[in-house]
Asker: 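Below is one structure. I have some questions about it.
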There are 2 protein chains.
Amino acid sequence: MSESFRIPDEISISDVAQTAGVSVATVSRVLNGHTNVREPTREKVLAAIAASGYRVNELARNLRTAESRLLLTMVPDFGNPFYSAIVRGIDSVARQNGYFMLLCDTGADPGRERSYFDLLRGRRADGAICLDPAAVQKALAEEASALPWVACCEFDPAAGVPYVGIDNHQAAGDAVRHLLGRGHKKIALINSGHGYLYGRQRAEGYRDALSAAGIEADPAWHIDLDTLDYAAGEAAAHTLACLQNNRPTAVFAVSDTLAIGVINGLRGAGLRVPDEVAVVGFDDIAVAAQIDPPLTTVAQPMRELGETAANLLLKRLRDPHAEVPGVLLPHKLMIRRSA
Amino acid sequence: MSESFRIPDEISISDVAQTAGVSVATVSRVLNGHTNVREPTREKVLAAIAASGYRVNELARNLRTAESRLLLTMVPDFGNPFYSAIVRGIDSVARQNGYFMLLCDTGADPGRERSYFDLLRGRRADGAICLDPAAVQKALAEEASALPWVACCEFDPAAGVPYVGIDNHQAAGDAVRHLLGRGHKKIALINSGHGYLYGRQRAEGYRDALSAAGIEADPAWHIDLDTLDYAAGEAAAHTLACLQNNRPTAVFAVSDTLAIGVINGLRGAGLRVPDEVAVVGFDDIAVAAQIDPPLTTVAQPMRELGETAANLLLKRLRDPHAEVPGVLLPHKLMIRRSA
DNA sequence: CTGAAAGCGCTAACAT
DNA sequence: ATGTTAGCGCTTTCAG
């Protein structure tokens, strides 16, 4: 089972030093690739390491060097495919720069988010990227503002935290104008809860595009949801379908998951998409192009969003005093068959 | 470099001790909730902590206590919704037991998986749950077998690593028998690459169910893919659709993402589901019930899978010598409209 | 080129 | 009840 009751890897640098017949300093030098070690010595050390199966205790190293080379990414819900492409972008630049990226699911809960920020405070991670709702971020804005983190997708430009995202107001306007261009005048909005900044911005974009066209929306067409589940979208569609006398002919959902649920709900209510009701979504997640009819939606540059966020963070890590800008990336309307 | 440039939170336990006029031991005692501290003393310490904004350096604490209370979960691709429910199960039991769970995306790459295992070796995490392909796990089986980890969904019963999963052979058989029961005799199999154990097991389940019914499958109906992308399923559907003289009337895909792609591809080829071709998937991800037609699929108990994996790991952490069993959880065929 | 020694921030005996 | 002290395993001056 085991040596004589010590688990195999209780070997420390001094054990290695001893069997190699050198000092711990020398072992440390070869461990870190320092050049000032004579070849024979280095080889002795390497041999001792190999023979013992020694592994650096990163905890000790991190304590000494005061860095962990770990980055955290916090998402409100990693069940939402929207985040995966972003996270992959973050991961790839982190990796290229010698960092590990670890993902945390906060469930959009301030308490949980806070606990992950504690990993930062406790020096167990060097920095973080937060995709949580702006409201959640705000909950710890003051106390966390000194911490090395950046906001992605959701951000408060006034918070003094570096961020990257898109112009949601404009993007929502583009979606609505596309619907307008197809002759729709009765356009519903299916939005997420008020915790999300993007929700407020897209709602404004929707409203502004409508009023610019001289159209006034029926309040009954404006539905606020507290989740982005498919099921929530489905339920919203039923609500809309029941508006007998004044049913909208189009709906703009602020998330593809919602939009997909809406299409399903419409189908359940016997309404055909896009003939009777057109639907446009937001994000352009992978499955959006797979469903029937393929979803017209506003594509976010997900991978670039992630890469940019990671680069901003890295920059901030290199120079804590650097002015890190907020950046907005371009979106793009993907016209498919649902609208 | 620093000294005069110290960032605000360079405060250590001894600073606190000093301003509180006590020893570091006492500060440590109140930090850890030990009872043998007089109330007035405790209050002095608490005040000093609050005044300074002091935060425990977890790195130092971890080094001293030799545990990090961090758990790692490695997935081959967190873009696949199948994993999110499992991960959520893991997360919740980890949290209940005072552990943080952090997610790693290995991209099914042995090199990356290895680097995450290094976090374990370097004592930066206490344990891990691995959902990677069995082949990837195997790549480091020997060297990693001493490490505290468990396998989830993908596992090699002979590897000596605790695991949890389902009976893939049986589950695939159930799917195929359902198709058989509907009168299908020409049933295609769309499988993932050979790296996945579940792929081999489900292929066998498929074959066995078929031969038990006295049916021999045309080799052209057996398509192996090297990804689970929607697009791959779509492409496979086209291949199948082109089998003019001997086109299958049903397809069993080993993943819902594949099945959804297949349905889309079939539609593109002008074939109606389920009338002309029936489709059954595997996993029962959230979107499976949303598409048209709703997908018939084999549901895995995803959340329980995750919870069980976490419990096995925790058990192993508590007692490294405990015999931790392999466990198989029940699956369930969800009959919807696609087959 | 190599070693001795200090110390990162904390916890836990061991004293008092 | 509180303080003193010895490390956890490592990196890094500072000497030689």
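Chain identifiers are assigned alphabetically (A, B, ...) following the order of the sequence lines, protein sequences preceding nucleic acid strands; residue numbering begins at 1 within each chain. The shown structure was predicted, so the numbers you read here are calculated from the model rather than taken from an experiment.
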Asker: Heavy atoms from C-beta onward define the side chain here; which of C:dC10, D:dA1, C:dC1 lies closest to that of B:Asn57?
Answerer: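 Looking only at heavy atoms from C-beta outward on B:Asn57, the closest nucleotide is C:dC10.
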
Asker: With a 4.0 Å cut-off on heavy atoms, is A:Ser28 in touch with a base, just the backbone sugar-phosphate, or nothing at all?
Answerer: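 Base contact - A:Ser28 has a heavy atom under 4.0 Å of at least one base atom.
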
Asker: Choosing from C:dC1, C:dC10, D:dG9, which nucleotide comes nearest the side chain of B:Val56?
Answerer: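 For B:Val56, the side-chain atoms sit closest to C:dC10.
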
Asker: Of all the choices, D:dC10, C:dT11, C:dA4, which nucleotide is nearest to the side chain of B:Val24 once you look at every atom?
Answerer: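 Nucleotide nearest to B:Val24's side chain: C:dT11.
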
Asker: On DNA chain C, nearest-nucleotide positions of A:Thr41 versus B:Ser12: which is more 5'?
Answerer: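 Mapping each residue to its closest nucleotide by heavy atoms, the 5'-most match is A:Thr41.
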
Asker: Determine, step by step, whether B:Asp109 and B:Arg114 satisfy the salt bridge (Lys or Arg N to Asp or Glu O under 4.0 Å) criterion, reporting the C-alpha distance in whole Å, the side-chain angles of both residues, the deciding distance to 0.1 Å, and the verdict.
Answerer: CA-CA 8 Å; B:Asp109 168 18; B:Arg114 208 193 139 71; over 6 Å; no

Asker: Can you figure out which of D:dC10, D:dT11, C:dG3 approaches the side chain of A:Asn32 most closely?
Answerer: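 Within the option list, the nearest is D:dT11.
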
Asker: Take B:Tyr83 and A:Phe78 through the test ring-ring contact (aromatic ring centres under 6.0 Å, His included) and record every step on the way to the result.
Answerer: CA-CA 9 Å; B:Tyr83 295 110; A:Phe78 51 44; over 10 Å; no

Asker: Among the nucleotides D:dG3, C:dG9, D:dC10, which one has an atom lying closest to any side-chain atom of A:Ile13?
Answerer: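 The closest nucleotide is D:dC10.
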
Asker: Quick one: A:Glu10 CD to D:dG9 P, roughly how many Å, whole number?
Answerer: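 My rounded result for the distance is 7 Å.
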
Asker: For B:Arg55 and B:Arg29, take the nucleotide of DNA chain C holding the closest heavy atom to each; which residue's nucleotide lies nearer the 5' end?
Answerer: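 Whichever sits nearer the 5' end wins; that is B:Arg55.
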
Asker: Would you indicate, yes or no, if C:dA4 has its OP1 or OP2 atom less than 4.0 angstrom from a side-chain nitrogen or oxygen of A:Ser23?
Answerer: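 No, outside the criterion.
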
Asker: Tell me: CZ of B:Arg123 to P of D:dG9, nearest whole Å?
Answerer: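 From B:Arg123 CZ to D:dG9 P: 8 Å.
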
Asker: Work out which heavy atom in B:Cys130 is nearest to a heavy atom in B:Glu113; give both atom names and the distance.
Answerer: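 The pair with the smallest heavy-atom distance is SG-OE1, 3.4 Å.
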
Asker: Contact between A:Thr41 and A:Val22 at the side-chain level, heavy atoms closer than 4.5 Å - yes or no?
Answerer: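 Yes - at least one pair of side-chain heavy atoms lies under 4.5 Å apart.
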
Asker: I want to check one thing: is the phosphate of C:dT2, taken as OP1 and OP2, less than 4.0 Å away from some side-chain N or O of A:Thr26?
Answerer: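 Indeed not, no polar side-chain atom of A:Thr26 lies that close.
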
Asker: Find which nucleotide of DNA chain D each of B:Leu63 and A:Ala25 is nearest to by heavy atoms, and output the residue with the more 5' nucleotide.
Answerer: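 Counting from the 5' end, the first nearest nucleotide belongs to B:Leu63.
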
Asker: Rounded off to whole Å, could you give me the CZ-to-P distance for the A:Arg124 and C:dG9 pair?
Answerer: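 Nearest whole value for this atom pair: 17 Å.
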
Asker: To the nearest angstrom, how far is B:Asn36 atom CG from C:dA15 atom P?
Answerer: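 Distance check: B:Asn36 CG to C:dA15 P gives 17 Å.
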
Asker: Distance criterion of 3.5 Å, no angle test: do you see the side chain of B:Arg64 paired donor-to-acceptor with the base of D:dG7?
Answerer: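 In this structure, the two groups form a donor-acceptor pair.
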
Asker: Without decimals, in angstroms, what is the distance between A:Asp15 CG and D:dC8 P?
Answerer: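 Roughly 10 Å, once rounded to whole Å.
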
Asker: Can you measure A:Ile49 atom CD1 to D:dG9 atom C1' for me and round it to whole angstrom units?
Answerer: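 About 14 Å, once rounded to whole Å.
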
Asker: Flag the pair A:Arg95 and A:Asp91 as a salt bridge only when some basic side-chain nitrogen lies within less than 4.0 angstrom of an acidic carboxylate oxygen.
Answerer: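 A salt bridge links A:Arg95 with A:Asp91.
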
Asker: In whole angstroms, how far is the P atom of C:dA12 from the NE2 atom of B:His34?
Answerer: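 Rounded to the whole Å, the gap is 6 Å.
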
Asker: From CZ of B:Arg38 over to C1' of D:dT2, roughly how many Å is that when rounded to an integer?
Answerer: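 Distance check: B:Arg38 CZ to D:dT2 C1' gives 9 Å.
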
